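Everything on this sheet refers to the single structure shown next.
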Amino acid sequence: MSFSQEWEKQYADGCQQAVWPWSDLVGLVKRHCPNLAGKRVLELGCGAGANIPFFVASQSRYHAIEGSQFAVQRLHERFPELNGTIIVGDFTKGLPDAGFDLIIDRASLAHNDTKAIKSCLQFAWDAIKPGGLFIGVDWFSTNHDEFGTGEPDVDEETRSDYQSGQFAGVGRVHFSDEADLRTLFAKFDLIYLEEKIVRRVIPHGGYQAATWNLVSRKP
């Protein structure tokens with residue numbers, strides 16, 4: 001069974017069905033790891049599989065660990081050649097293998113509390129080869145308007161119980177500032193860090209979304 005019932009329901013209900021690779025992730029991977037052929041890649045929380053075609057086309061050796069059993073079953077149908085490397089699991093409790101050249105995450109890890117994120121990053125550290133990279137995109141910033149609207153959860157950076165908007169029905173959401181990210185990635189060399197702030201004009205003018213993109217290297 002899925003460890004995240006909120007996300008299991010999201011996928012089973014037909015939500016969160018993005019199927020195109022996330023441009024920020026593609027850009028950072030191409031810039032910092034331009035030759036993926038033969039490289040071992042692990043995606044944390046692959047969801048509906050938006051990034052899989054990019055990594056398959058790049059001839060990498062793609063692996064993924066995803067919390068939703070429903071989502072994984074669908075991916076096994078779409079990508080039968082990857083049935084052995086896309087698995088159901090809780091990436092905050094452990095990773096399926098080691099010796100990865102690259103671990104990627106598009107906002108999946110940010111849907112956990114601080115303790116769980118720290119645990120996963122330790123597993124990632126252990127699983128990445130020396131010189132390998134961890135690339136994260138769309139980690140939520142404390143400058144995001146939604147940071148002030150959710151209910152406080154188990155720590156200062158984590159919110160939950162959203163009733164509407166972007167985070168309704170997805171459980172916990174972790175928001176970071178720069179100091180938090182530097183602490184979380186203290187064992188890594190943080191080689192790229194970007195905060196993206198987008199202010200909507202129409203409709204509902206003034207709404208601000210803010211996220212982080214980062215690249216870190218294991219020395």
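All figures in this text were calculated on a predicted structure; none of them were measured in a lab. Positions are given from 1, in the same order as the sequence printed here.
Between the Gln69 side chain and the Gly67 main chain, no donor and acceptor come within less than 3.5 Å of each other. Asp189 places no side-chain N or O within 3.5 Å of a backbone atom of Ile191 that could act as its donor or acceptor partner. A distance-only check finds a donor-acceptor pair linking the side chain of Asn112 to the backbone of Leu109 [under 3.5 Å]. The backbone N or O of Tyr62 sits less than 3.5 Å from a side-chain atom of Thr85, completing a donor-acceptor pair. Distance alone, capped at 3.5 Å, is enough to place a donor-acceptor pair between the His76 side chain and the Ile86 backbone. Here the side chain of Thr158 pairs no donor or acceptor atom with the backbone of Val154 at under 3.5 angstrom. With Gln208 contributing its side chain and Asn143 its backbone, the two residues share a donor-acceptor pair below 3.5 Å.
Asp105 has its side chain out of reach of Glu43: every pair of non-hydrogen atoms, C-beta onward, lies at least 4.5 Å apart. Counting only heavy atoms from C-beta outward, the side chains of His174 and Arg159 never approach each other to under 4.5 Å. Residues Leu42 and Leu102 are not in side-chain contact: their nearest non-hydrogen atoms beyond the backbone lie 4.5 Å or more apart. Leu133 has its side chain out of reach of Ser216: every pair of non-hydrogen atoms, C-beta onward, lies at least 4.5 Å apart. Using a 4.5 Å cut-off on side-chain heavy atoms (C-beta onward), Leu193 and Leu181 make contact. Taking the side chain as every heavy atom from C-beta outward, Leu44 and Leu95 approach each other to under 4.5 Å. Side chains of Arg200 and Pro203 form a contact here, defined as non-hydrogen atoms less than 4.5 Å apart. Annotation: side chain of Val137 is not in contact with side chain of Thr211 (no heavy-atom distance under 4.5 Å).
Taking CZ from Phe134 and CG from Leu214, the interatomic distance works out to 6.5 Å, rounded to the nearest 0.5 Å. For the atom pair CD1 (Ile103) and CD1 (Ile128), the distance works out to 4.0 Å, reported to the nearest 0.5 Å. Considering OG of Ser108 and CD1 of Ile117, their distance stands at 11.0 Å, rounded to 0.5 Å. The CZ atom of Arg217 lies 11.0 Å from the CG atom of Leu190; values are rounded to the nearest 0.5 Å. Here the OG1 atom belonging to Thr183 is positioned 11.5 Å from the CG atom belonging to Leu121, to the nearest 0.5 angstrom. Within the model, atoms CG of Leu82 and CZ of Phe55 stand 12.5 Å from one another, a figure rounded to the nearest 0.5 Å.
Judged by a 6.0 Å distance limit and a 45° cone about the ring axis, Lys218 is positioned over the six-membered ring of Trp125. No cation-pi contact links Arg61 to Phe100, judged by a cut-off of 6.0 Å to the six-membered ring centre and 45° from its axis.
Using a 4.0 Å cut-off between charged nitrogen and carboxylate oxygen, Arg40 and Asp97 count as a salt-bridge pair. A salt bridge links Arg172 with Asp153; the closest basic N to acidic carboxylate O contact falls under 4.0 Å.
Using the six-membered ring where Trp is involved, Phe175 and His144 have ring planes that are perpendicular, over 60° apart on the 30 and 60° scheme.
Closest approach of Ala71 and Gly47 over heavy atoms only: CB-O, 3.7 Å. Between His111 and Ala107, the closest heavy-atom pair is CD2-O, 3.2 Å. Of all the heavy atoms in Tyr192 and Arg31, the pair that sits closest is CE1-NH1, 3.4 Å. For the pair Lys39 and Asn35, the tightest heavy-atom approach, listed with the atom from each and the gap, is NZ-O, 3.2 Å.
Using a 4.5 Å cut-off between side-chain heavy atoms of Ile, Leu, Val, Met, Phe, Trp and Tyr, with links allowed through other members, Ile87 and Phe91 fall into the same hydrophobic cluster. When the side chains of ILVMFWY residues are joined at heavy-atom separations under 4.5 Å, either directly or via intervening members, Trp22 and Leu36 end up in a single hydrophobic cluster. Hydrophobic clustering of Ile, Leu, Val, Met, Phe, Trp and Tyr side chains at less than 4.5 Å, counting indirect connections, unites Phe79 with Val41. Hydrophobic clustering (ILVMFWY, side-chain heavy atoms < 4.5 Å, transitive): Val29 and Val56 are in one cluster. Residues Phe147 and Ile197 do not share a hydrophobic cluster, defined by chaining ILVMFWY side chains whose heavy atoms lie under 4.5 Å apart.
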Pair Leu184-Trp139, side chain to side chain contact (heavy atoms under 4.5 Å, CB included): steps then yes or no: CA-CA 12 Å; Leu184 290 173; Trp139 283 39; 4.2 Å; yes

Stepwise, does the side chain to side chain contact (heavy atoms under 4.5 Å, CB included) test hold for Glu178 with Trp212? CA-CA 9 Å; Glu178 181 180 343; Trp212 295 97; 4.0 Å; yes

Pair Asp24-Lys196, salt bridge (charged side-chain N to carboxylate O under 4.0 Å, His left out): steps then yes or no: CA-CA 11 Å; Asp24 283 357; Lys196 294 180 63 175; 2.7 Å; yes

One pair to check against side chain to side chain contact (heavy atoms under 4.5 Å, CB included): Phe140 and Glu157. What are the steps and the verdict? CA-CA 10 Å; Phe140 309 114; Glu157 294 83 16; over 6 Å; no

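Inspection of the Thr114 and Asp155 side chains reveals an N or O donor paired with an N or O acceptor under 3.5 Å. Side-chain atoms of Glu195 and Ser141 form a donor-acceptor pair, as typed in the model, at a separation below 3.5 Å. Donor-acceptor pairing under 3.5 Å is lacking for the side chains of Glu81 and Asn83. A donor-acceptor contact closer than 3.5 angstrom is absent between the side chains of Ser119 and Gln122.
Atom CD of Glu156 sits in a sparse spot, with 12 or fewer heavy atoms from other residues, nucleotides or ligands closer than 6.0 Å. Annotation for Arg199: atom CZ counts as buried by contact number, over 12 foreign heavy atoms lying within 6.0 Å.
The salt bridge (charged side-chain N to carboxylate O under 4.0 Å, His left out) contacts involving residues 118-132 comprise Asp101-Lys129, where partners must be two or more places apart or lie in separate chains.
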